[in-house]
Amino acid sequence: MSDRITGLIVAVLALAFAAGASQLEEPFFADPLGPKAFPLLISAVAFLAGASMVMRPDAEPAWPGLATLMRLAVAMVILVAYAYALKPLGFLVPTAIASAALSYQIRPRAVQSVIIGLALAGGLFVIFKYVLGLGLFALPRWLMG
Amino acid sequence: MELFANLALGFSVALTPETLALAVVGCILGTMIGALPGLGPSNGVAILIPLAFSFGLDATHSLVLMTAVYYGAMYGGRISSILLNIPGDEPAMMTTLDGYPMAKAGRAGDALVLSGVASFVGAFLATIGLMLLAPVLARVAFMFGPAEYFALYLLAFCTLGGLGSNNQAKAAISVCLGLGIAMIGVDKSTGLTRFTGGSLHLFDGVDFLVAIVGLFAVAEVFVFIESHGRDSAIGVKLEKIRIPVKDIMNSGWTMLRGTAIGFVAGLLPGAGASLGSFLAYMLEKSTARDKSTFGTGEPKGVAAPEAGNNAAAGGALVPMLTLGVPGSGTTAVLLALLMTLNITPGPLLFTERPEVVWGLIASLLIANVVLLILNVPLVRVFSRILQVPAAVLLPGVTMISFVGIYSLSGSYFDLLLMIGFGVLGYALRKMSIPAVPVILGILLGGHMEVSLRRAMVLSDGDWTYLFASPISIGLWIAAVAGFILPLFLRPYLRTPVQVTPDDDSGRDRG
């Protein structure tokens, strides 16, 4: 079933891509092929491949259960939050929190995760800042003056 | 004589203290990365590339560092295969077949030393092959026009897709996904923006480093969380390390055969190291007098794939350097590195930047000797790496990827895009859709389109021009064969591989 659904999504995306390509303006000085042809070619191949997946699906892959999906979703939220926090909050605090949280996701032991988070944040900061010489801010910039 | 002059130039670059130090550091890092279960050469190189940029290294130095990491990871991959029965990545999979049984039978040290020697033979001879063959191919490549290049890119996609996946449709989807992403941004010929959805962030297109780190490194984090971290503990105890002289002598021809077949597999654009180790193992098994020992701890079954995959690693550098078409996933990542450094791989590289090419080749020869020293007497040190728990390793890898990408662009958008690619990479892996063609598509899509459009300009829109020269006809035939033949050969090729029932640990990787 997963293959059929994916194949269908691919086929629809290919059509959307083709539609997007055909909307492109053709400038008057374009080469014989223009900017549309190659994207259209790609979408044709993708459509055929998607359709063939719908017709001849493989065996169902082993999807994770609900609990694992939740853990994956949480991991993704952590990563997104980390991406947003890195600039305003500096390196140390977001890295310590994010790596402790990820570590907890892999092995749910609270104290161990906190220690790993703190150690990784400190250790990586020293490596990045002083060994590799990256321009990282340890703490929020308003605190650093 | 030209060869010796070139080599002298190469060694004059490679023997500077700085280059030498980078080669050694790369070898150590690479072996460590390769040894860690789950982190293969492509992941390792992908994670380290952004950091290499932050160093501010010049082209030769970055290339030396990253190829040393690449070679090191190819060597190191065997350590977790042999001790844990978990291949670091797909090329190391064949080594589990006899390596792990050997280790279980109390010969872990012998298997590690033998495979280290086989890796050295494969990689060293392949580097010499690279040295001899690349300049010749570079000369042939001068005969390539846009039509030939278009056919060559097609060949790369077809062989990579055809051999890298069990399902041709899925391989094609993966290629199209990469090519489609490559279309995002400003069209170089007309200056029009395409598929950006009006977002300013996408005007420059999708940075392939962001895609690579997302698809390889971030996706790996999700896989680890799902598998609950597969706690890394030494599976097999390592006894005293000694040199198994008898096994090495007995496997001499095996290593040479493995090297030859691996090198040729590496040369095929897109096919790469997995094919090299697979073919080397199958050849050895099919020509052996007693086939029944294979899969039960046969030393030749360890030597052959290790020589094969390391030789393929060297072979894969030939098309990458001479034609700009990578032969494997990791060389695709290296190609991204070159392009970001404003070096265009191709025949001109050999005449315009000889110090880059020959400095690299000389460094590789040196790196192999360093790797032999690291991987035979010091193998015990590196096998300790397997004890790093996943709960430390994975957050560490994630943070390195984030900081690497962040230090390059400093934009949230790229980090979010990277996470998006991570989710995509996870989903692709679950669906058994290969991720490497996506990368190759992003890397080569622009060039492929430009070649096609130039060919059409030259021929004034005549499609038959694409099949007009003997070289392009040959490439088209090879491309079609590379895509279709595996369909027919797979039943014969793949069945004998599943000889060990407990070899399911590597099934979800690749």
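Below, chains carry the letters A, B, ... as their sequence lines are ordered, and counting in each starts from 1. Note that the coordinates shown come from a computational prediction; the quantities given were computed from them, not determined experimentally.
The shortest side-chain heavy-atom distance between A:R107 and B:P389 does not fall under the 4.5 Å cut-off. Residues B:E226 and A:L69 are not in side-chain contact: their nearest non-hydrogen atoms beyond the backbone lie 4.5 Å or more apart. Looking only at side-chain heavy atoms (C-beta outward), A:L124 and B:V403 stay at 4.5 Å or farther from each other. Residues B:C176 and A:F17 fail the side-chain proximity criterion, which asks for heavy atoms closer than 4.5 Å. Proximity of B:Q168 to A:S52: side-chain heavy atoms (C-beta onward) are nowhere separated by under 4.5 Å. Proximity of A:L33 to B:L452: side-chain heavy atoms (C-beta onward) are separated by under 4.5 Å at one or more points.
Residue contact with chain A, scored on non-hydrogen atoms closer than 4.5 Å, is absent for B:S432. Heavy atoms of A:S2 lying under 4.5 Å from chain B belong to its backbone as well as its side chain. Looking at B:I405, there are no atoms closer than 4.5 Å to chain A (heavy atoms on both sides), in backbone or side chain. Interface remark: A:L24 contributes side-chain atoms only to the contact with chain B (heavy atom separation under 4.5 Å). Interface remark: B:M456 contributes backbone and side-chain atoms alike to the contact with chain A (heavy atom separation under 4.5 Å).
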**Message:** Working note: A:L79 + B:F222, criterion side chain to side chain contact (heavy atoms under 4.5 Å, CB included); need CA distance, chi angles, decisive distance, verdict.
**Reply:** CA-CA 11 Å; A:L79 293 181; B:F222 293 128; 4.0 Å; yes
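Exactly one of B:L177, B:L179, B:V175 qualifies for a side-chain contact (heavy atoms from CB on, under 4.5 Å) with A:I42. That residue is B:L179.
Environment of OH in A:Y84: sparse, with no more than 12 heavy atoms of neighbouring residues, nucleotides or ligands closer than 6.0 Å.
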